[in-house]
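Okay, so here's the structure we're looking at.
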Amino acid sequence: CLIFDMPADATPESLEVTFGKAYEPAWVDLTTKQPQSIEPDETLALQYEFSNAGYFDLAYGLFAPSSQQQFTYAQYEANERQGWPRGVNSGYAFPSVTVEGDHATVERLLTFYDTRTSYKSTTRRTQELVRVGDAWRIVARPEQVSSFTD
């Protein structure tokens with residue numbers, strides 16, 4: 001939670017956040033009023049940021065109910081805590097986002113950075129999301145489910 005003193009007539013539209021040398025700057029859209037109204041790629045980015053901050057309960061909450069039935073919060077948290085806080089999602093990009101009704105496919109590039117060893121790797125994956133009510137929720141890929149349940 002961030003609190004800012006702002007002039008009464010100010011209407012900020014975005015915020016750039018930089019967490020340190022290991023991180024790429026992140027932009028936060030301040031015009032979005034409800035998390036439910038954010039787009040599929042923004043939902044994925046939000047999960048990465050929640051995970052980086054150690055808010056594993058909030059990150060887990062962004063998975064679709066069908067995914068949450070495949071692994072518990074305790075399993076997810078244990079997996080995430082193994083590398084946290086030294087391993088971070090230091091950068092991400094979404095080269096393509098395809099929305100068809102209540103289903104979305106997001107191509108993502110994710111850069112992982114180990115703050116202790118300075119190891120850095122970037123992976124390209126496709127992530128599926130589904131609309132649950134008014135919100136986009138992430139469908140865990142099979143390899144994600146395996147990593148959470150092993």
Side-chain angles (χ1 to χ4, degrees), residues 1-4 12-20 22-116 119-150:
C1 177
L2 300 173
I3 300 172
F4 296 94
E13 295 180 3
S14 65
L15 173 69
E16 180 181 352
V17 180
T18 304
F19 295 98
Y23 300 90
E24 297 291 324
W27 286 92
V28 179
D29 180 359
L30 299 176
T31 63
T32 301
K33 302 293 184 208
Q34 298 292 327
Q36 292 81 6
S37 66
I38 65 175
E39 298 299 321
D41 54 334
E42 294 170 322
T43 300
L44 204 50
L46 187 59
Q47 187 181 55
Y48 298 151
E49 296 302 328
F50 282 156
S51 180
N52 281 348
Y55 297 129
F56 304 122
D57 55 335
L58 298 175
Y60 179 79
L62 293 175
F63 280 110
S66 60
S67 294
Q68 291 179 354
Q69 291 173 358
Q70 296 179 63
F71 54 91
T72 66
Y73 169 68
Q75 290 172 310
Y76 174 76
E77 180 186 30
N79 178 272
E80 292 297 297
R81 284 203 184 277
Q82 285 178 3
W84 186 86
R86 80 176 231 208
V88 296
N89 300 312
S90 63
Y92 45 84
F94 307 106
S96 69
V97 178
T98 305
V99 176
E100 294 178 5
D102 289 342
H103 182 266
T105 303
V106 177
E107 179 186 8
R108 63 100 171 132
L109 295 171
L110 180 64
T111 301
F112 172 83
Y113 181 76
D114 187 314
T115 59
R116 189 174 305 153
Y119 172 77
K120 189 177 195 179
S121 69
T122 300
T123 58
R124 180 184 295 261
R125 298 280 187 278
T126 301
Q127 191 74 53
E128 306 293 322
L129 291 91
V130 292
R131 191 183 301 274
V132 177
D134 292 334
W136 287 102
R137 293 296 177 250
I138 300 162
V139 177
R141 296 183 314 278
E143 68 270 17
Q144 287 177 300
V145 173
S146 292
S147 72
F148 302 146
T149 57
D150 286 342

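Computed from heavy atoms alone, side chains included, the values below leave out hydrogens, waters and symmetry copies. These figures come from a predicted structure and were not determined experimentally. For reference, positions follow the sequence shown, starting with 1.
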Quiz prompt | Within residues 60-80 or reaching into it, pairs that qualify as salt bridge (Lys or Arg N to Asp or Glu O under 4.0 Å) - sequence neighbours excluded | solution = Glu77-Arg81
Quiz prompt | Atom of Leu129, atom of Ile138 and distance for their closest heavy-atom approach | solution = CD2-CG1, 3.8 Å
Practice problem: Please tell me if the side chains of Arg137 and Leu62 come closer than 4.5 Å, counting only heavy atoms from C-beta onward. | Solution: yes
Quiz item: If you take all heavy atoms of Pro65 and Val132, which pair is closest and at what distance?
Solution: CD-CG2, 3.9 Å
Practice problem: Taking side-chain hydrogen bond (donor to acceptor under 3.5 Å, both in side chains) as the test, write out the residues that go with Thr111, two or more places apart. | Solution: Thr122
Quiz item: Say you draw a straight line from CG of Leu44 to CD of Glu39; how long is it, rounded to the nearest 0.5 Å?
Solution: 13.0 Å
Identify each donor-acceptor pair in which a side-chain atom of residues 94-102 lies under 3.5 Å from a protein atom, sequence neighbours left out, and give them as a table.
unit_1 : atom_1 : unit_2 : atom_2 : d
Ser96  : OG     : Glu107 : OE1    : 3.2
Asp102 : OD1    : Arg131 : NE     : 3.4

Quiz item: To the nearest 0.5 Å, what is the distance between CZ (Arg125) and CG (Leu109)?
Solution: 10.5 Å
Quiz item: Relative to each other, are the rings of Tyr60 and Tyr76 parallel, tilted or perpendicular (30° and 60° limits)?
Solution: tilted
Quiz item: Quick check: does any side chain N or O of Asp114 sit under 3.5 Å from a backbone N or O of Tyr119, one acting as donor and the other as acceptor?
Solution: no
Self-check item: Nearest-0.5 Å distance that lies between atom OH in Tyr113 and atom CG in Asn52
Solution: 13.5 Å
Quiz item: Does the pair Gln47 and Gln127 meet the rule for a side chain to side chain donor-acceptor pair (under 3.5 Å), with working shown?
Solution: CA-CA 12 Å; Gln47 187 181 55; Gln127 191 74 53; over 6 Å; no
Quiz prompt | Thr115 side, atom OG1; Lys120 side, atom NZ - distance, nearest 0.5 Å | solution = 13.0 Å
Quiz item: Atom CZ of Phe63 and atom CD of Gln70: how far apart are they, to the nearest 0.5 Å?
Solution: 10.0 Å
Exercise. Check whether any side-chain heavy atom of Tyr73 sits under 4.5 Å from a side-chain heavy atom of Asp57, and report yes or no.
Key: yes
Quiz prompt | Closest approach of Arg108 to Thr123 (non-hydrogen atoms, all atoms of both residues) | solution = NH1-OG1, 2.9 Å
Quiz item: Within the distance-only criterion (no hydrogens, no angle test), does the side chain of Arg141 pair as donor or acceptor with the backbone N or O of Glu128 below 3.5 angstrom?
Solution: no
Quiz item: Which atoms form the tightest heavy-atom contact between Ser51 and Ala59, and what is the distance?
Solution: N-CB, 4.2 Å
Exercise. Taking the side chain as every heavy atom from C-beta outward, state whether Leu58 and Phe56 have any atom pair closer than 4.5 Å.
Key: no
